[in-house]
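Here's the structure, in structure tokens; my notes come after.
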Amino acid sequence: MYLIIINRWWLIKSMLKKLMGLKLQTKLMLFFALITLIPLISLGFLTYQVSSNMMKEEISKGIMENLNQVNKNLAFFSKDVEQLSNYIYRSEVVQEKLAKSTDRDNLEKYHDFEEINDLFDSILGTKTWSINLYILGLNGDRYFTGDYLPLSYNQISENWGLIRKAKDANGAVVWDTHYTIKHLEEQEVVLRVGRQLKNEKNEPIGYLIIDVLEPSIAALYYSNNHNPINQMYLLDSEGYIISSNTSKITIGTKLSHDSLEYILESQRGFFETEINRKNYMAIYDTHADTHYKVVSYVPENEIIKSSLTIKYLTLLLIVIVFIIASWFTYIFTNTITSPINHLKSIMRKVEEGNLDVQFESKYTDEVSELGRNFNIMISKLKNSINESLEKKVRLQQAEVKALRAQINPHFLYNTLETMSAIAKIKNVRMISDLAIALGEMMRYSLKKDSELVSLEEELFLLERYLFIQRTRFQTKVEINVLVEEDSKNLMLPPLLIQPLVENAFIHGLEPKIGKGELFIHIFKEKEYLMIEIRDDGVGMDEEKLRDLHLLLETKKVPLNIGIGLENVFKRIYLYYSEDYGLSIKSKKNEGTTILIKLPVTHREDKA
């Protein structure tokens with residue numbers, strides 16, 4: 001068996017492979033045959049399902065409305081029974097009899113019994129209900145309308161279910177389902193009403209019990225159930241059968257069907273189910289106040305046996321399928337084959353190196369969308385090539401200009417060494433230290449031809465520069481540098497910090513009248529290396545700051561690659577992507593803050 005399945009699978013796989021290898025026009029014709037044949041085969045089944053589902057839904061909704069009316073009738077009946085109990089509860093005759101002594105003579109008890117019977121006759125005289133009334137006095141009196149007094153009613157036990165509920169209700173009406181099964185169908189007690197009777201002093205004097213017999217309940221739904229095939233049940237909130245149009249023996253038992261749990265969880269609706277291996281529709285409705293549920297099981301074959309729409313729906317679908325198949329084949333032949341061949345020829349030109357091609361189409365289908373995406377790809381490819389060339393040229397220009405800006409650093413370095421030696425001979429220590437610091441700066445700029453250097457090396461250059469500026473400005477400028485230790489081994493482009501610090505002195509602190517402050521903070525923040533340079537110099541006005549932001553956003557900063565803000569910005573842009581760079585905040589006469597954001601780069605990352 002297993003080998004047969006494998007052989008069939010390989011056969012199907014080989015047939016599909018041959019099918020997919022056919023020309024597009026051939027496949028379209030085969031598809032035309034399939035899309036015509038498949039709907040015709042499935043049409044009968046489809047239309048049958050549609051019509052039967054429509055009929056089941058409509059008929060189920062109609063039956064559900066009938067069930068809703070049965071629930072309303074039951075609610076009206078419940079209110080009438082409660083009104084009857086109110087009449088007895090307030091009856092002066094009942095109050096008087098139940099207040100009498102237990103030891104009165106039999107003649108008086110007989111007269112009392114006759115008066116209560118007259119009360120019962122006046123209450124039930126116009127009623128067609130099948131109910132029994134029982135008044136159980138705490139003084140031992142027993143009054144009832146039935147043929148006999150049940151033994152459970154003769155002795156009042158306040159722990160018995162209905163009596164206990166009535167006592168707990170403290171004079172209010174309580175309902176209880178009768179779970180005992182009797183085989184007397186015509187006199188079946190299905191519901192009980194209990195109520196504690198009280199005198200004017202609110203003291204208990206007895207209990208009222210009303211037994212509701214099954215015919216009273218059955219009369220509420222027999223008029224709404226015209227089809228005897230339908231199975232109808234009246235359930236309480238826990239799923240016990242109060243009444244049924246099927247076997248009366250089931251009354252008082254819990255409905256034994258798999259659908260009960262679903263019915264108890266929801267308020268109303270209908271769904272498909274099975275009874276004795278036959279398909280039924282379960283339709284149910286719940287009353288909001290009484291919480292009783294009316295359930296009807298209707299055979300599906302009774303619902304869908306007359307569906308005249310199937311024939312007309314089948315003919316209509318056959319015509320629609322044929323028209324759609326013909327139109328689909330025609331459109332596919334003209335809107336798929338031709339654009340694909342056109343796109344194929346354009347791709348050949350791109351393979352030959354011609355990027356000045358465009359796919360044009362007057363349609364908006366998937367092939368046209370593919371062509372538009374191809375145009376976007378070609379455009380991005382051209383822009384990427386041009387941008388790469390432009391970056392390469394700009395970097396070369398920056399390197400050339402940087403070399404020009406050095407103004408023969410070898411000569412300057414040797415001159416500074418000579419100046420330092422003369423200053424030591426003349427015992428002018430300050431000039432010697434300045435010359436050494438400037439010389440080390442020149443030596444650093446001479447040897448830094450690599451792309452990235454460590455932050456520690458950059459700080460070496462920064463310290464020499466700050467020494468010169470401290471010597472120059474003395475106490476006019478207070479300089480504070482804060483660097484996280486674990487950041488010193490990170491890599492960054494050379495000559496990145498010192499030009500911005502120099503910019504802070506030239507444009508911020510030097511023009512300021514009075515003492516100034518410079519703060520340099522270097523730290524890591526998540527995956528970024530952050531360099532903050534803040535001064536409290538003269539700052540910039542809003543117009544100048546806005547123009548500077550515009551230049552940074554449009555990447556149109558002039559290529560004055562020597563020192564300063566332009567140099568740093570352009571080199572960050574050339575080294576990294578647009579996710580990194582610098583931001584500027586400034587306010588007139590309050591100072592300027594420059595924040596550089598670089599990626600965290602370790603030595604091994606550089607390698």
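Since this is a predicted model, take the numbers as computed values, not measurements.
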Begin from the C-alpha positions of Glu532 and Ile520 and carry the test side-chain contact (heavy atoms from CB on, under 4.5 Å) through to its verdict.
CA-CA 6 Å; Glu532 181 185 11; Ile520 302 170; over 6 Å; no
State, to 0.1 Å, how close Glu484 and Phe523 come at their nearest heavy-atom pair, and which atoms those are.
OE2-CB, 3.2 Å
Side-chain heavy atoms of Ile584 within contact of Met540, under 4.5 Å
yes
Flag side-chain contact, heavy atom, 4.5 Å: Glu543 against Arg546
yes
Shortest non-hydrogen contact from Pro511 to Phe505?
CD-O, 4.1 Å
Quick one: do Arg268 and Glu65 make a salt bridge, cutoff under 4.0 Å?
yes
Can you list the residues that meet the side-chain hydrogen bond (donor to acceptor under 3.5 Å, both in side chains) rule with Lys488, with sequence neighbours excluded?
Glu485
Evaluate whether atom NZ of Lys588 has more than 12 neighbouring non-hydrogen atoms of other residues, nucleotides or ligands under 6.0 angstrom away.
yes
Return the minimal non-hydrogen interatomic distance between Gly239 and Leu264, and the atom names on each side.
N-CD2, 3.8 Å
For a side chain to side chain donor-acceptor pair (under 3.5 Å) with Ser586, tell me which candidate from Thr593, Asp535, Thr592 qualifies.
Thr592
Step through the shown structure and confirm whether more than 12 heavy atoms of other residues, nucleotides or ligands are within 6.0 Å of CD on Glu261.
no
Are Leu459 and Ile522 side-chain neighbours, meaning at least one heavy-atom pair lies under 4.5 Å?
yes
Taking it one step at a time, do Phe569 and Leu500 satisfy side-chain contact (heavy atoms from CB on, under 4.5 Å)?
CA-CA 10 Å; Phe569 173 79; Leu500 295 181; over 6 Å; no
For residues Ile572 and Leu598, determine if any side-chain heavy atom of one lies less than 4.5 Å from a side-chain heavy atom of the other.
yes
Starting at CD of Glu478, measure out to NZ of Lys515 and round the result to the nearest 0.5 Å.
5.0 Å
Identify, with sequence neighbours excluded, every residue that meets side-chain hydrogen bond (donor to acceptor under 3.5 Å, both in side chains) alongside Lys61.
Glu57
Taking Ile263's backbone N and O only, do any of them form a donor-acceptor pair with Lys293's side chain (distance below 3.5 Å, no angle check)?
yes
Are more than 12 heavy atoms from other residues, nucleotides or ligands located less than 6.0 Å from atom CG of Asp258?
no
When you measure from the side chain of Glu457 to the backbone N and O of Ser454, does any donor-acceptor pair fall under 3.5 Å?
yes
If you measure from the Lys or Arg side-chain nitrogens to the Asp or Glu carboxylate oxygens, is any gap between Lys512 and Asp536 under 4.0 Å?
yes
Nearest 0.5 Å, please: how far is CD in Gln358 from CZ in Phe374?
9.0 Å
Distance from Lys544 atom NZ to Asp547 atom CG, nearest 0.5 Å?
10.0 Å
May I ask you to test the Leu452-Pro493 pair for a side-chain heavy-atom distance under 4.5 Å?
yes
Give the C-alpha distance, both sets of side-chain angles, the deciding distance and a yes or no for side-chain contact (heavy atoms from CB on, under 4.5 Å) between Ile596 and Leu529.
CA-CA 8 Å; Ile596 302 175; Leu529 173 63; over 6 Å; no
Looking only at heavy atoms, what is the nearest atom pair of Phe270 and Ser60, with distance?
CG-CB, 3.6 Å
Can you tell if the side chain of Ile497 reaches within under 4.5 Å of the side chain of Ile531, non-hydrogen atoms only?
yes
Between Phe271 and Met281, is the side-chain contact (heavy atoms from CB on, under 4.5 Å) condition met? List the steps.
CA-CA 6 Å; Phe271 57 90; Met281 288 297 296; 5.8 Å; no
Are Asn489 and Glu456 packed together at the side-chain level, in the sense that at least one heavy-atom pair is separated by less than 4.5 angstrom?
yes
Backbone N or O of Leu495 within a donor-acceptor pair of the Glu458 side chain at under 3.5 Å?
yes
Is Arg472 salt-bridged to Glu510, going by a charged N under 4.0 Å from an acidic O?
yes
Counting only N and O atoms by type, is there a donor-acceptor contact under 3.5 Å from the side chain of Ser379 to the main-chain atoms of Asn375?
no
Atom pair CD (Glu590) and NZ (Lys585), whose distance is rounded to the nearest 0.5 Å:
13.5 Å
Closest heavy-atom pair, His507 versus Val538, reported as atoms and distance to 0.1 Å, is O-CG2, 3.2 Å
Does the side chain of Tyr284 come under 3.5 Å of the side chain of Ser266 through a donor N or O and an acceptor N or O?
yes
Just verifying a value: how many Å separate Leu595 CG and Met530 CE, rounded to the nearest 0.5 Å?
4.0 Å
Just how far is it from atom CG of Leu461 to atom CG of Leu466, taken to the nearest 0.5 Å?
9.5 Å
Between Val477 and Glu517, is any pair of side-chain heavy atoms under 4.5 Å apart?
no
side-chain hydrogen bond (donor to acceptor under 3.5 Å, both in side chains) partners of residues 521-530, not counting sequence neighbours, each pair once
none
What is the minimum heavy-atom distance between Pro494 and Val453, and which atoms define it?
CA-CG2, 3.7 Å
Quick check on Lys476: does its NZ atom have over 12 non-hydrogen neighbours (other residues, nucleotides or ligands) under 6.0 Å away?
yes
Considering residues, nucleotides and ligands other than Met347, do more than 12 of their heavy atoms fall under 6.0 Å from its CE?
yes
